[in-house]
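Order of appearance sets the numbers: ligands from 1, and atoms from 1 within every ligand. Each residue takes its place number in the sequence, starting with 1.
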Amino acid sequence: MKIGIVCYPTYGGSGVVATELGRFLALRGHEVHFISFTLPFRLAHDPIDNVFFHEVQTLRYDVLPSDLYGIALASKIVQVVQNNGLDIVHVHYAVPHAISAFMARSSLDKRYHPFKVVTTLHGTDITLVGRAPSFFPIAAYAINQSDAVTTVSQWLKDETVREFGIKRPIDVIPNFVDVEKFRRGLTPCKRSALAPRGENILLHISNFRPVKRVTDVVEIFARVRERTPAVLVMVGDGPERDSASQRARDLGVSDAVRFLGKKDNIELFMSCADVFLLPSEYESFGLAALEAMACELPVVASNGGGLPEVIEHGRTGFLAEMGNVAEMADRVLEVLANPEQAAAIGTQARRSVHEHFLPDSVIPQYERLYERVLRDTAPVAPNGGNGVEEYTYADGI
Ligand code: GMT
């Protein structure tokens with residue numbers, strides 16, 4: 001098949017998933033065209049013959065209130081389809097990417113066969129509407145008009161149905177991880193660089209958005225450090241970084257917290273650490289937790305969103321109520337005090353990754369979905385509307 005992939009390749013888990021999906025599809029013989037504002041990092045370092053990149057150049061004019069990315073993307077999709085004859089355009093995020101894909105399809109020259117639009121929701125579409133209800137009709141339109149919609153967890157599917165009153169079918173296809181890249185012991189771990197006095201290493205990796213609750217990470221760490229020598233390694237950057245470092249100062253632990261900023265090779269840190277912390281308000285999936293599990297690193301996380309679909313409490317990691325930093329700290333101390341239990345959790349975690357989250361089992365689910373939409377011809381919402389009979393979001397519309 002000829003497949004276009006539209007994503008934000010540099011931001012967070014959705015970009016990683018979209019890039020890895022394209023890479024594995026190409027390795028399975030498909031022709032893959034990434035359409036985005038920048039070349040996905042992994043492709044720059046690991047080029048594959050049947051992967052192509054089409055750069056979307058955004059224009060910004062002083063007289064216009066915002067940039068024209070959505071329009072520029074639509075134009076680029078038209079050009080790529082007309083030059084390459086794509087069967088599918090798979091967009092990651094309903095808003096704005098699915099909207100751009102529909103725009104492209106409508107403006108495609110009649111001589112070209114119209115492509116199908118597959119939309120994967122990663123969660124931000126739902127939270128966007130939660131925060132800015134004025135997006136509701138257009139997000140609902142994007143979901144209802146796509147030829148197929150997938151979510152990365154059952155939780156996100158349920159949320160989507162609840163928020164939008166969606167009646168159309170939605171496929172749940174979980175995220176996956178490349179276990180050849182994410183594995184313990186692949187490269188020698190330099191623990192001493194992170195923990196010079198042989199301390200335990202707690203690790204957190206995220207984009208430091210409020211939903212990640214990075215101040216909880218510091219609170220958990222401070223409680224752990226009262227009882228055992230430890231350092232906290234914080235990888236990533238984002239709006240809550242200052243609050244996290246302030247909380248570390250307030251709690252008197254800033255000397256043991258290392259903010260390393262954004263890193264590409266996170267598997268190196270995951271292979272070195274003793275515990276991974278993810279106390280998020282919710283995660284629609286929690287890709288970072290899955291990557292840690294592949295590295296046999298015990299995860300202590302909140303039970304928010306789709307995390308219980310990834311981590312089985314007590315067997316492949318630990319879950320606690322969101323905000324319960326005392327319980328999360330106790331779980332960390334339990335892991336640090338019982339190396340055999342920690343090793344067993346790590347082994348079971350990697351086994352669970354092998355059972356449920358390997359590219360070899362997840363990529364065929366996308367392939368079957370693509371084949372299905374190529375067979376189906378009927379549009380989901382034939383009236384061309386957004387499929388919502390009655391708006392539930394009165395404010396802001
Ligand atoms: O977590 C983020 O802030 C980034 C966001 C994204 O759009 O990349 O991540 C979301 O999608 C990931 C890939 O499917 C999921 O693993 C993350 O759980 C999800 N983030 C949230 O739900 C907060």
Non-hydrogen atom of H92 closer than 4.0 Å to ligand 1: no
Interfacing atoms of ligand 1 (cut-off 4.0 Å, heavy-atom, Y93): 6 (C), 7 (O), 8 (O)
Regarding ligand 1, does V211 bring an N or O atom to under 3.5 Å of one of the ligand's N or O atoms? no
Tell me, please: is G123 in heavy-atom contact with ligand 1, that is, under 4.0 Å? no
Do H122 and F285 have their ring centres less than 6.0 Å from each other? no
For a side chain to side chain contact (heavy atoms under 4.5 Å, CB included) with N200, tell me which candidate from V224, V332, D274 qualifies. D274
If the cut-off is 4.0 Å to any non-hydrogen atom of G12, which atoms of ligand 1 fall inside it? 8 (O)
Under 4.0 Å, heavy-atom basis, I'd like to know which part of R209 is in contact with ligand 1: side chain, backbone, both or neither. side chain
Test your reading of the model: is there a side-chain donor-acceptor pair from T151 to the backbone of L121, 3.5 Å cut-off? no
Please list, in number order, the atoms of ligand 1 under 4.0 Å from a heavy atom of N207. 2 (C), 3 (O), 4 (C)
Please classify the L287 to ligand 1 contact at 4.0 Å (heavy-atom distances, strictly less than): side chain, backbone, both or neither. both
Are Y370 and H30 close enough that their ring centres sit under 6.0 Å apart? no
Just heavy atoms, cut-off under 4.0 Å: does N175 contact ligand 1 by side chain, backbone, both, or neither? side chain
Tell me whether R168 contacts the main-chain N or O of I143 through its side chain, where contact means a donor paired with an acceptor under 3.5 Å. yes
Test side chain to side chain donor-acceptor pair (under 3.5 Å) applied to T150 and T120, T119, D171, the passing residue: T120
Run the numbers for me: atoms of ligand 1, each under 4.0 Å from some heavy atom of K212, listed by number. 1 (O), 2 (C), 3 (O)
V152 heavy atoms within 4.0 Å reach ligand 1 at atoms 14 (O)
Would you confirm whether the ring centroid of Y93 sits within less than 6.0 angstrom of the ring centroid of Y8? yes
Counting distance only, does the side-chain N/O of R184 pair as donor-acceptor with the main-chain N or O of S271 below 3.5 Å? yes
Mode of Y282 contact toward ligand 1 - side chain, backbone, both, neither (heavy atoms, under 4.0 Å): both
Side chain to side chain donor-acceptor pair (under 3.5 Å) between Q341 and E334, intermediate numbers included: CA-CA 9 Å; Q341 184 200 8; E334 191 182 323; 3.1 Å; yes
Which ligand 1 atoms does T124 reach within 4.0 Å, using its non-hydrogen atoms? 7 (O)
May I ask whether G305 places a heavy atom under 4.0 Å from ligand 1? no
Considering only NZ, NE, NH1 and NH2 on the basic side and carboxylate oxygens on the acidic side, decide whether D237 and K263 come within less than 4.0 Å. no
Distance under 4.0 Å to a non-hydrogen atom of G286: what atoms of ligand 1 satisfy this? 15 (C), 16 (O), 17 (C), 18 (O)
